[in-house]
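Heavy atoms only: backbone and side chains are in, while hydrogens, waters and symmetry mates are out.
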Amino acid sequence: MSRRAYLGAVGVASASAAVVGTASAGGEYDEVVDIVEAGADRTGTEPIDDVFHEHAADDTRIEFPDGTYRVNQLIVYQLSNFAMVATGDATLVPGESYDEDQWIAGAETANLTIDGFVLDHTADGVAPEITLSSTADLTIRDIEKRGFHSGTGIAFAVQMLEGSDALIERVVAPDGGKCVGVYAHGEGSMTFRDCHLEGFTNNGLYASRLSGPARVEGGVYRDNNISQVRLGSPDSVVRDATLEVTRPVQGPDADVVNMRGVRVADGAGPVTVSNCDISMRGASGTGGIVTAYSGGSLEVYDTRIYIDEDYTTPSSDGDLTSWGVFVDDENGVDAGTRTFRNVSITGGGRYMSGMLLRRGDNTMDGLCIDQVGEGRNGIIFEDSANNTIADSVIDVPDEEIVLRDSSVKRAGVSTSGNCPAPGERTAGVSVPGEVGSATVEQAAAGEWHGVGFERQHEDPVVVSKPLSDSYSDAAPAHVRLNDVSADGFDLKVEEWLYLDGDHRAETAHYLALAAGDYTVDDLSVDVGRVRTNHEFSGFSFDQSFDQRPLVFAQCQTYEGPDPVVTRLRNVTADGAEVMVQEEEGEEHGGYHNDETVGYIAIEPGTGTVDDQPFEVGVADIHEEWDRIEFEQDYEDPKFVAGIQTFHGPNTANLRYRDLSASGVEVHVEEEQSQDEETLHRYERVGYAVFEGA
């Protein structure tokens, strides 16, 4: 449909470029419109559609101050770099002749933002739908939908095209509806952050039809029929979320109640579930985590599942308690693989089992199943081969492992123990990462040393710097990383090209954290990656910091073999710039291929992780050794640091020595490929110390 036809459907001839109350908006928008100053009614009496469409245009931001705004239909078709933002307590309410299917709608948009509104849908029989499609960035943030959605359509439908990205953040719809809560599809990727969807009869978050990854970060998904969260596309993930079933909610067919936690369907995956609390009570369903016949690979880490006695299988008339994890036969997709690490399944009830696996290639490590009730089993394998279970607890009243035309290798499986329930955390898994150290001697420039993690980490970023200065080898050197994976990474001590590459034993500590954003003892953390080369590239953090964080950045790849260090500049609360820097005397002028640089940004402060101290701080350091005094004492300190500024452009990095319980000495080390001079201006240096004992 053309824009004119789209607007004609609501009686608007065209979208005028005239603007009232313009401003610069910091250069983000050419025009800024206060919709009340432009003539819109803020009392909820008259529809605002005509005023909105008169000013909705490319490179425009329409602001809604305090008030109630009656809406029949708002169209944002083909708009680029457009925003509608509540600058006060702004409520949108359907008008008497509102369009149910396209209340707020648009296709072929680009860089669209909708931010900060209350949607008052509390009137009887009201079911306005929000339907948006975009070819470039889409942001829907801080939206509260009030009232039960009585229609059978979709409350929020979002489509991303051409590999674009969407952020759906703090969209809250606690009153449910006879429909899908949020339906996401298309060719792009989407992030759903801290959302709350509850009481929908046909999936809470239905995101399995995306071709790109769906990333669910935090939030609450409760009492939705079919699934709380439904994923299937490659590299999709739900982390740090709460998923609950507390009461039965019927689907479109009044006889169908099948309420799952996470459902893997409609794609080969892999789908990852990480650090989630899943509680299933008082309804029917097939499991806290379910891989459907159409779903592929699944990875579950650091997650707690509780199954109440009254959470029963749909066909048992309430007589059989359902599973914590159910993997169905495959049909039409690659069977894939499944990994369960540090996963607990507590509760129990009547018969059945904590897990039912109808496919092979299942790996379980650190699994903990604690079930009660008559005839309750631990794990049932059906037509399932190539399975392993190690270092696990299966404490059940009936059989720990049931094999039906299946096989499993076991090592270190105990039949008694306590398992963490949802809401509890076990030591070592409260933060998605770890600290450690590696001491290596570099016999030749091309030698790599493997460093294994103590346990697998989903999508980790690793920072391992600075390198120690042992006095026995004065050659300038630094740490280079490669092949970062869930199991570990490769490391080498990298000297500069003008040196021989042979270096005596040095020590580097490392910090590995999963990509994403979270808090550690009230300090905000943002972990991600950026592609860059020998020229500075800007990147933005995924979360907002209240103060400027300390950023630790390092190459995760080895796309260019010439030695490089990572340099930062312009670090702010919103982002930074980063590049990789070769030696000054490099004959090709320091040109370097694009590399993937991982970064870990942490607010300064002190805290504890699993009752162990840590701190993040800043110091001014130059070429002379300066001592940093720690604010806390450490029995076995693990120390990482990085230069935050670019005051001295000569190629440089940090070295440390005399690391103790109370402090460390650090200096800025320049290389000498071009000249012997190593004087360097003071740089702002961020550091982090963690207890490793």
Side-chain angles (χ1 to χ4, degrees), residues 121 124-125 127 145-155 172-183 195-206 208 219-231 238 241-265 276-292 304-326 328 345-356 371-374 376 421-423:
H121 299 165
D124 290 341
K145 176 181 170 69
R146 297 176 181 172
F148 183 79
H149 193 99
S150 61
T152 58
I154 299 170
V172 176
D175 297 327
K178 295 194 300 183
C179 62
V180 177
V182 174
Y183 179 66
C195 295
H196 180 176
L197 301 176
E198 182 171 344
F200 290 94
T201 64
N202 184 8
N203 293 275
L205 173 58
Y206 192 141
S208 59
V220 175
Y221 300 84
R222 180 184 295 125
D223 293 338
N224 301 292
N225 196 23
I226 312 301
S227 71
Q228 310 313 302
V229 172
R230 177 171 175 157
L231 305 174
V238 50
T242 298
L243 303 99
E244 296 179 337
V245 168
T246 67
R247 60 184 176 88
V249 173
Q250 293 179 333
D253 183 340
D255 296 328
V256 176
V257 177
N258 191 350
M259 303 175 71
R260 298 98 152 184
V262 177
R263 188 180 189 213
V264 181
C276 290
D277 284 336
I278 303 174
S279 298
M280 313 299 287
R281 310 168 186 267
S284 294
T286 52
I289 299 177
V290 173
T291 298
R304 297 145 299 279
I305 305 171
Y306 175 81
I307 302 298
D308 187 77
E309 178 181 8
D310 294 328
Y311 177 67
T312 58
T313 61
S315 58
S316 69
D317 293 326
D319 294 333
L320 303 176
T321 300
S322 195
W323 305 278
V325 174
F326 171 53
D328 204 355
I345 304 174
T346 55
R350 298 179 296 277
Y351 301 100
M352 312 308 278
S353 58
M355 299 178 75
L356 174 58
Q371 297 284 281
V372 298
E374 182 181 1
R376 192 70 170 171

Inset, instruction - Give, for atom CD of E198 and atom CG of D175, the distance between the pair rounded to the nearest 0.5 Å. - result: 8.0 Å
Legend entry - Nearest atoms (heavy-atom pairs only) where F200 meets V249: O-CG1, 4.0 Å
Inset, instruction - Taking all heavy atoms of G261 and all of L243, pick out the closest pair and write down the distance. - result: O-CD2, 3.8 Å
Inset, instruction - Would you check if D124 and S150 make a side-chain contact, meaning some heavy-atom pair closer than 4.5 Å? - result: no
Inset, instruction - Supply the atom-to-atom distance I305 CD1 to M355 CE, rounded to the nearest 0.5 angstrom. - result: 7.5 Å
Inset, instruction - Please check if the side chain of R146 supplies one atom and the backbone of H121 the other of a donor-acceptor pair under 3.5 Å. - result: no
Legend entry - Check: S322 side chain, G285 main-chain N or O, donor-acceptor pair, under 3.5 Å: yes
Inset, instruction - Look at the side chain of N225 and the backbone N and O of N258, then say whether any donor-acceptor pair between them is shorter than 3.5 Å. - result: yes
Inset, instruction - Verify, without hydrogens or angle tests, whether T291 (side chain) and D328 (backbone) share a donor-acceptor contact under 3.5 angstrom. - result: no
Legend entry - Distance (rounded to the nearest 0.5 Å) between N202 CG and R230 CZ: 8.0 Å
Legend entry - Y183 (side chain) donor-acceptor with N203 (main chain) under 3.5 angstrom: no
Inset, instruction - Find out whether T321 and E309 are in side-chain contact, i.e. whether some heavy atom of one side chain is under 4.5 Å from a heavy atom of the other. - result: yes
Legend entry - pair R260-I226: side-chain heavy atoms closer than 4.5 Å: yes
Legend entry - Euclidean distance, E244 CD relative to N224 CG, rounded to 0.5 Å: 11.5 Å
Legend entry - Short side-chain to backbone donor-acceptor contact, R350 and L320, under 3.5 Å: no
Inset, instruction - Please name the pair of heavy atoms, one in A283 and one in M259, separated by the smallest distance, quoted to 0.1 Å. - result: CB-SD, 3.8 Å
Legend entry - Backbone of V220 reached by a side-chain donor or acceptor of T242 within 3.5 Å: no
Legend entry - Note, T313 side chain near W323 side chain (heavy atom, < 4.5 Å): yes
Inset, instruction - Kindly indicate, with the supporting measurements, whether the criterion side chain to side chain contact (heavy atoms under 4.5 Å, CB included) is fulfilled by Y221 and C195. - result: CA-CA 8 Å; Y221 300 84; C195 295; 3.6 Å; yes
Legend entry - From F326 atom CZ to S353 atom OG, the distance as rounded to the nearest 0.5 Å: 10.0 Å
Inset, instruction - Search all heavy atoms of L231 against all heavy atoms of S208 and return the closest pair with its distance. - result: C-CB, 3.7 Å
Legend entry - Interatomic distance, D310 atom CG to T312 atom OG1 [nearest 0.5 angstrom]: 7.5 Å
Legend entry - Pairwise side-chain contact, Q228 with V245, heavy-atom cut-off 4.5 Å (strictly under): yes
Legend entry - Side chains of D223 and T246, donor plus acceptor under 3.5 Å: yes
Inset, instruction - Measure across S284 and P314 and return the closest heavy-atom pair with its distance rounded to 0.1 Å. - result: CB-CA, 4.0 Å
Inset, instruction - Would you sort out whether Y351 and R376 count as a side chain to side chain contact (heavy atoms under 4.5 Å, CB included), showing the intermediate values? - result: CA-CA 4 Å; Y351 301 100; R376 192 70 170 171; over 6 Å; no
Legend entry - Contact summary for Q371 and G354, nearest pair of heavy atoms: OE1-CA, 3.9 Å
Legend entry - Validation row: T346, R304 side chains within 4.5 angstrom (heavy atoms): no
